[in-house]
Amino acid sequence: MGTAIGVTSGKGGTGKTFLTGGVSSCLAALGRRVLCIDTDVGLRNLDLVLGLADRTAMDFSDVLAGRCSLERALVPHPDMKGLFLLAAPQRPLPDAVFSAGMGELLDRARTMFDYCLIDGPAGLGAGFRFAVGQADRAIVVTTMEAASLRDAQQAIWALGDLGITRRHLVVNRLRPRCLKKLGATIDDAMDFVGLPLLGVVPEDERVLLAGAREVPLLLAGKSRAAAACRNIAERMEGRR
C-alpha cells in the first residue's frame with residue numbers, strides 16, 4: 001500500500017510545485033512508482049514542470065465526476081519509467097465536485113503507486129483542505145523569508161487541525177550568502193516552525209532553465225537543486 005503525501009506551503013512563491021515534480025522524478029529514478037496529483041484548480045503548473053503539458057486530456061475532476069476511470073486519466077511520463085501525472089482542471093469547478101472528496105481517489109491510487117505526491121494550491125482555504133485533507137503525511141515548503149516562515153507555521157497548525165501529524169520541513173531556494181548576512185541558520189527555521197528537516201534545496205538557475213524548456217529538472221543536466229531533490233527522495237526511502 002502506497003503513501004499519500006500533501007505538499008503545501010501556506011503561501012505562493014516557495015517553489016512548492018517545482019519541489020513536487022523534482023522529488024517525484026527522483027523517487028521514480030530510484031525505481032518507485034510515483035503519481036503526481038496537481039490540485040491547483042485553474043492555476044495548474046505541475047504539467048509544465050514535468051514536461052507533460054501537451055499530453056493531459058483528462059483531469060482529476062473527470063475521475064471524481066465519474067466521466068473516466070483513474071487509470072484513463074493518468075499521464076505516464078515518456079522518458080521516466082514509473083512517473084505519472086494526474087492533472088488539475090484548467091478552469092474553476094463548482095463546489096459539488098469538491099464535495100465528492102479526494103478520499104476514494106487516493107484509496108485507489110495507493111493500491112497502484114508507492115507514492116502519491118499531492119501539489120496543493122497556495123493558501124489555507126477550501127482548496128488546501130481538499131488537497132491535503134486525506135493525505136497520510138505532509139511536506140511543508142518554505143523559504144527563509146520571514147513572511148514565508150510565518151505562513152509555513154500557519155500551514156502546520158492547519159495540518160494539525162486536519163489530523164495530519166506526520167509533517168516535515170523543506171527549506172527551498174536557499175541563498176547561503178544572504179543567510180550569512182542575516183546571521184540566520186537553518187536551525188532557526190526549524191525552531192520557528194517546529195518541524196524536523198527533510199531537506200534543503202539551494203537557489204539554482206537551472207530550475208528556471210528547466211522550467212522554460214518544460215523539461216523535468218532531473219533530465220536537464222547536473223545541478224545542485226536536482227542533487228538536493230535526490231537527497232530528499234533518498235531520505236523518504238529511509239536511506240542516509
Side-chain angles (χ1 to χ4, degrees), residues 2-27 34-41 43-46 49 88 102 106 115-175 179 182 184-204 207 217 225 228-238:
T3 302
I5 304 171
V7 185
T8 186
S9 62
K11 77 184 294 290
T14 63
K16 171 178 52 61
T17 298
F18 145 74
L19 188 85
T20 303
V23 172
S24 296
S25 299
C26 291
L27 286 168
V34 185
L35 173 60
C36 295
I37 305 177
D38 191 339
T39 61
D40 198 352
V41 177
L43 296 171
R44 74 184 195 193
N45 286 309
L46 192 52
V49 170
M102 184 66 77
L106 285 179
Y115 294 95
C116 303
L117 271 68
I118 309 163
D119 181 28
L124 302 176
F128 166 83
R129 295 189 295 273
F130 172 79
V132 304
Q134 301 298 320
D136 302 306
R137 49 194 286 203
I139 296 173
V140 179
V141 185
T142 184
T143 67
M144 288 297 294
E145 296 176 8
S148 182
L149 287 168
R150 184 169 63 182
D151 289 344
Q153 190 179 59
Q154 294 289 333
I156 292 163
W157 292 339
L159 288 167
D161 291 340
L162 293 172
I164 301 174
T165 58
R166 298 179 63 192
R167 301 162 297 194
H168 287 83
L169 180 70
V170 169
V171 178
N172 193 26
R173 303 180 63 180
L174 183 71
R175 290 178 288 177
L179 203 63
L182 291 172
T185 67
I186 298 297
D187 287 341
D188 294 333
M190 295 169 60
D191 292 341
F192 184 84
V193 301
L195 286 187
L197 186 68
L198 182 61
V200 176
V201 184
E203 185 78 66
D204 191 337
V207 173
L217 181 63
C229 286
R230 175 108 182 180
N231 288 339
I232 292 170
E234 294 204 0
R235 291 189 189 105
M236 291 171 65
E237 284 279 275

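All figures in this text were calculated on a predicted structure; none of them were measured in a lab. For this chain, numbers begin at 1 and follow the sequence in order.
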Are Leu169 and Thr142 close enough that some pair of their side-chain heavy atoms sits under 4.5 Å apart? yes
Quick one: are Thr3 and Arg137 in side-chain contact, heavy atoms under 4.5 Å? yes
Find out whether Ile5 and Ile118 are in side-chain contact, i.e. whether some heavy atom of one side chain is under 4.5 Å from a heavy atom of the other. no
Check Lys16 with Asp119, please: is the shortest side-chain N to carboxylate O separation under 4.0 Å? yes
Between Arg167 and Pro196, is there a donor-acceptor pair closer than 3.5 Å when you use the side chain of the first and the backbone of the second? no
Strictly by modelled atom types, are Thr143 and Asn172 linked by a side-chain donor-acceptor pair under 3.5 Å? no
Looking only at heavy atoms, what is the nearest atom pair of Asn45 and Thr17, with distance? C-CG2, 4.1 Å
So, taking the atom named CZ in Phe192 and the one named CG in Asp187, what distance separates them when rounded to the nearest 0.5 Å? 15.0 Å
Asp136 side chain to Ala4 backbone, donor-acceptor under 3.5 Å: yes
Donor-acceptor contact below 3.5 Å, side chain Gln134 vs main chain Leu106: no
Kindly determine whether Thr39 and Met102 satisfy side-chain contact (heavy atoms from CB on, under 4.5 Å), including the steps that lead there. CA-CA 10 Å; Thr39 61; Met102 184 66 77; 3.7 Å; yes
Measuring only between side-chain heavy atoms, which start at C-beta, is Val141 closer than 4.5 Å to Val7? yes
Hey, is the main chain of Thr185 close enough, under 3.5 Å, to the side chain of Asp188 for a donor-acceptor pair? yes
Minimum heavy-atom separation for Ala122 to Lys11, with atom names? CB-C, 3.9 Å
Rounded to the nearest 0.5 Å, how far apart are CG of Leu117 and SG of Cys36? 6.0 Å
Determine whether Phe130 and Pro121 make a side-chain contact, defined as any pair of heavy atoms from C-beta on separated by less than 4.5 Å. no
Taken in chain and number order and not counting sequence neighbours, the residues that satisfy salt bridge (charged side-chain N to carboxylate O under 4.0 Å, His left out) with Arg44 are Asp47
So, Ser148 side chain and Met144 main chain: donor-acceptor pair closer than 3.5 Å or not? no
More than 12 non-hydrogen atoms from neighbouring residues, nucleotides or ligands closer than 6.0 Å to CD on Glu237, yes or no? yes
Is there a side-chain contact between Met190 and Ile186 in this structure, where contact means two heavy atoms from C-beta onward sitting under 4.5 Å apart? yes
Begin with the C-alpha distance, continue with both residues' side-chain angles, and end with the deciding distance and a verdict on side-chain contact (heavy atoms from CB on, under 4.5 Å) for His168 and Leu197. CA-CA 6 Å; His168 287 83; Leu197 186 68; over 6 Å; no
Closest heavy-atom pair and its distance - Ala189, Val171: CB-CG2, 4.4 Å
Take Ile139 and Thr8, measure what side-chain contact (heavy atoms from CB on, under 4.5 Å) needs, and give me the verdict at the end. CA-CA 6 Å; Ile139 296 173; Thr8 186; over 6 Å; no
For the atom pair CG (Asp151) and CG (Leu124), what is the distance rounded to the nearest 0.5 Å? 7.5 Å
Atom of Phe128, atom of Ala155 and distance for their closest heavy-atom approach: CZ-O, 4.2 Å
Rounded to the nearest 0.5 Å, what separates atom SG in Cys26 from atom CE in Met236? 10.5 Å
Shortest non-hydrogen pair, Thr14 vs Ser9, comes out as OG1-CB, 3.3 Å
Step by step, work out the side-chain contact (heavy atoms from CB on, under 4.5 Å) result for Val140 and Leu195. CA-CA 9 Å; Val140 179; Leu195 286 187; 4.0 Å; yes
Looking at Pro202 and Ala228, what are the two nearest heavy atoms and their distance? CD-CB, 3.9 Å
Does Arg150 have more than 12 heavy atoms from other residues, nucleotides or ligands lying within 6.0 Å of its CZ? no
Sole candidate of Val23, Leu35, Leu27 that passes side-chain contact (heavy atoms from CB on, under 4.5 Å) when paired with Tyr115: Leu27
